[in-house]
Amino acid sequence: MNQSDLARNSSMLQGSLAKRGYMRWWHSFSGTQPESGKVRTFFVEFFIINPRLGANTPILGQHPYFKKKGMKPSYVMVKAGVFPDTEGNGSRQLHAFYPVSALRATDNPLVMHLEGHPEAHCRAGHCFYSEDKLTGFVEVTREEARHRSYMTDSGFMEWNLEIRKAVACHTGKRCGKFFQVLNILDSYWHGEGIRSFFRGSVTLDGVTYEVLPESSYGYADKHWGRSFNSPWFQFACGKLNSLRAGQELRHSVLAVNVGCPRFLGFRLKERLMLQLTYMGEDFEFNRCKWETKENGKRYIWHIFAQNKKTAVKISGSCTRAEMLHLHYEDPDGRRRKLPLLAGGSGIGTVQIFRKTDGVRELIDTLNLGNALCIYQDIPERPIHMGE
């Protein structure tokens, strides 16, 4: 699974997905305020929806004018922000909307440019995306944030970052060209940079944070398709401390993605995709079980995965206070009724076992920190054990 695929990461929506589909390139990373030493986890995302329906102005699906005319959303959105701190304070989610005509992009490797545009909603400077660089700024006034159709907070964030994507998660034929050409699945995922090193700076509301490779614990991936996963669960961590080695592992990473796509209109069984890269060795697992619990203040995930030679037990969690409600609308212009929560302060453990003649031997225990957690809350319904 640890296989880079820049063509898959750069592929744009084709066929019917261009009129009813979305793409999102997500990046998250940690930065430190030099004077106070405070650490925050930031995110920057490029989001494109229904590009073939585009005009010279962003079509916002939540806007009363476009709703009345029955128009589906079509725009490029830059989403930038920061997750809540340990006390649950200080989060931001800033949106700038551009018309699709404002996007300039090249293919494989992907490069995207967005210049300031007179028809853009909220202010943003020159926003740039490539496989190794991310720059731009977004500013939203309090008056603009009052517009419900913008789905945004108010504030200012500027970023200037270099990226080195060290470990990838390739999802194989399941997200390959054959499936995409026939639009067999509703949603796809590719993790081009599940272990990424970011370098640069972020300025949030006038406060500058330094982003260093060794402490950035960066993550980058891509989702695309006809509709969002439901339920939606991601758990990814590049900060792994080995009890066996007595130190942090530089090029090791855990990435988990759970989706429930549809096949030709029929809902498929929930499936967990899990990759563990441990001290240069990549593990794939064909049998996975998981469950989700909530104790009032914290979401807790338990995962057990195995193959013929290896098994892993994963326990992870994130507090509700440290999670932010991410706002999106789908290609049909609907906002999900169930909240999609995200945080960058997940913790947990991974136990790795070797299997010999049916006997499991513990070879290492990894302590997790600064983990990315994205989870669709489903109130009043227990999450079952899946496989």
- Query: Which heavy-atom pair separates His95 from Thr152 by the least distance, and what is that distance?
  - Reply: N-OG1, 3.0 Å
- Note on the structure: In short, Val100 meets Pro51 closest at the heavy-atom pair CG1-O, 3.8 Å
- Message: Run Met323 and Tyr299 through side-chain contact (heavy atoms from CB on, under 4.5 Å) and show every step you take.
- Response: CA-CA 10 Å; Met323 301 185 83; Tyr299 291 105; 3.6 Å; yes
- Note on the structure: Paired with Trp26, the ring-ring contact (aromatic ring centres under 6.0 Å, His included) test is passed by just one of Trp224, Phe43, Trp189, namely Phe43
- Message: Is the shortest side-chain heavy-atom distance between Met23 and Ile48 below 4.5 Å?
- Response: yes
- Do Tyr217 and Leu249 share a hydrophobic cluster (ILVMFWY, side-chain heavy atoms under 4.5 Å, transitive)? no
- Query: Can you find a pair of side-chain heavy atoms, one from Tyr75 and one from Ile49, that are under 4.5 Å apart?
  - Reply: yes
- Query: Is there a ring-ring contact (aromatic ring centres under 6.0 Å, His included) between Phe47 and His223 once you walk through the steps?
  - Reply: CA-CA 10 Å; Phe47 180 92; His223 281 86; over 10 Å; no
- Message: Is there a path of hydrophobic side-chain contacts, each under 4.5 Å between heavy atoms, that joins Phe353 and Phe283?
- Response: no
- Task: Work out which heavy atom in Cys169 is nearest to a heavy atom in His190; give both atom names and the distance.
- Result: O-ND1, 3.6 Å
- Message: Assigning hydrophobic clusters by single linkage (Ile, Leu, Val, Met, Phe, Trp, Tyr; side-chain heavy-atom cutoff under 4.5 Å), is Leu362 placed with Val350?
- Response: no
- Flag yes if Tyr65 and Ile59 sit in one hydrophobic cluster, no otherwise; membership is Ile, Leu, Val, Met, Phe, Trp, Tyr, and two members link when side-chain heavy atoms are under 4.5 Å apart. yes
- Side-chain donor-acceptor pair under 3.5 Å between Ser10 and Asp107, yes or no? yes
- Task: Could you tell me whether a side-chain N or O of Arg40 sits under 3.5 Å from a main-chain N or O of Leu204, the two making a donor and an acceptor?
- Result: no
- Answer yes or no: are there more than 12 heavy-atom neighbours, outside Arg164 itself, under 6.0 Å from its atom CZ? yes
- Message: Filter on salt bridge (charged side-chain N to carboxylate O under 4.0 Å, His left out), then keep only pairs touching residues 96-106, sequence neighbours left out; what's left?
- Response: none
- Query: When you look at CZ of Arg148, are more than 12 heavy atoms from neighbouring residues, nucleotides or ligands closer to it than 6.0 Å?
  - Reply: no
- Kindly determine whether Val140 and Asp153 satisfy side-chain contact (heavy atoms from CB on, under 4.5 Å), including the steps that lead there. CA-CA 7 Å; Val140 183; Asp153 300 320; over 6 Å; no
- Task: First locate atom CG of Leu53, then atom NZ of Lys19, and finally report the distance between them rounded to the nearest 0.5 Å.
- Result: 7.0 Å
- Task: Answer yes if Phe304 and Phe235 sit in the same cluster of Ile, Leu, Val, Met, Phe, Trp and Tyr residues linked by side chain heavy atoms under 4.5 Å apart, and no otherwise.
- Result: no
- Message: With a 4.5 Å cut-off on side-chain heavy atoms, are Leu6 and Leu110 touching?
- Response: no
- Message: Side chains of Thr141 and Ser154 only: does a donor on one sit below 3.5 Å from an acceptor on the other?
- Response: no
- Message: Could you walk me through whether Thr32 and Leu212 satisfy the side-chain contact (heavy atoms from CB on, under 4.5 Å) test, starting with their C-alpha distance in whole Å, then the side-chain angles of each, then the deciding distance to 0.1 Å, before giving a yes or no?
- Response: CA-CA 8 Å; Thr32 304; Leu212 299 175; over 6 Å; no
- Message: Using the ring centroid of each side chain, check whether Trp25 and Phe46 are separated by less than 6.0 Å.
- Response: no
- Message: On a heavy-atom basis, which atom in Ser196 and which in Ile163 lie closest, and how many Å separate them?
- Response: CB-CG2, 4.2 Å
- Examine Trp159 together with His27 and report whether their ring centres are nearer than 6.0 Å. no
- Please identify each residue that fulfils side chain to side chain donor-acceptor pair (under 3.5 Å) with Ser149, with sequence neighbours left out. none
- Query: If you round to the nearest 0.5 Å, how far is OG of Ser252 from CG of Leu276?
  - Reply: 7.5 Å
- Would you list the pairs meeting salt bridge (charged side-chain N to carboxylate O under 4.0 Å, His left out) in which at least one residue belongs to residues 344-361, sequence neighbours left out? Glu281-Arg354
- Query: Taking all atoms of both residues into account, what is the closest heavy-atom pair of Gly238 and Val253, and its distance?
  - Reply: CA-CG2, 4.2 Å
- Query: Would a line drawn from the ring center of Phe42 to the ring center of Tyr209 be shorter than 6.0 Å?
  - Reply: yes
- Considering only heavy atoms from C-beta outward, does the side chain of Trp301 approach that of Cys318 to under 4.5 Å? yes
- Would you call the rings of Phe228 and Tyr22 parallel, tilted or perpendicular if under 30° counts as parallel and over 60° as perpendicular? perpendicular
- Query: Among His147, Glu329, Arg334, whose side chain to side chain donor-acceptor pair (under 3.5 Å) with Gln62 holds?
  - Reply: Glu329
- Leu340 side chain near Tyr328 side chain, heavy-atom distance below 4.5 Å: yes
- Do any pairs count as a salt bridge (charged side-chain N to carboxylate O under 4.0 Å, His left out) and have a residue in residues 43-63, sequence neighbours left out, and if so which ones? Arg24-Glu45
- Message: If you define the side chain from C-beta out and look only at heavy atoms, does anything of Asp330 sit under 4.5 Å from Ser227?
- Response: no
- Quick one: do the His327 and Arg335 side chains pair a donor with an acceptor below 3.5 Å? yes
- Message: Check Glu192 with Lys222, please: is the shortest side-chain N to carboxylate O separation under 4.0 Å?
- Response: no
- Note on the structure: Across all chains, not counting sequence neighbours, the ring-ring contact (aromatic ring centres under 6.0 Å, His included) partners of His113 are His126, Phe128
- Message: With rounding to the nearest 0.5 angstrom, report the NZ to CZ distance, Lys239 to Arg195.
- Response: 11.0 Å
- Task: Check the pair Tyr98, Leu103 against side-chain contact (heavy atoms from CB on, under 4.5 Å), reporting the backbone distance first and the verdict last.
- Result: CA-CA 8 Å; Tyr98 297 79; Leu103 177 66; over 6 Å; no
- Task: Verify, without hydrogens or angle tests, whether Asn229 (side chain) and Ser187 (backbone) share a donor-acceptor contact under 3.5 angstrom.
- Result: no
- Message: One thing to verify: whether Asp332 and Arg20 come together as a salt bridge, which I'm taking to mean a side-chain N less than 4.0 angstrom from a carboxylate O.
- Response: yes
- Query: Roughly how far, to the nearest 0.5 Å, is CE of Met279 from OG of Ser242?
  - Reply: 6.5 Å
- side chain to side chain donor-acceptor pair (under 3.5 Å) against Gln3, all qualifying residues, sequence neighbours excluded: none
- Task: Compare all side-chain heavy atoms of Ser30 with those of Ser216 and state whether any distance is below 4.5 angstrom.
- Result: no
- Between the side chains of Glu294 and Tyr375, is a donor N or O closer than 3.5 angstrom to an acceptor N or O? no
- Task: Mark yes or no for whether Asp364, through its side chain, and Ile352, through its backbone, hold a donor-acceptor pair below 3.5 Å.
- Result: no
- Taking atom CD1 of Ile300 and atom NE2 of His302, what is their separation to the nearest 0.5 Å? 5.5 Å
- Could you give the distance from CG (Leu326) to NZ (Lys79), rounded to the nearest 0.5 Å? 5.5 Å
- Query: Can you name the nearest heavy-atom pair linking Phe83 to Leu324, along with the distance?
  - Reply: CD2-CB, 4.2 Å
- Return yes if a side-chain donor-acceptor contact under 3.5 Å exists between Thr277 and Gln275, otherwise no. yes
- Query: Is there side-chain contact between Phe29 and Val211, with heavy atoms separated by less than 4.5 Å?
  - Reply: yes
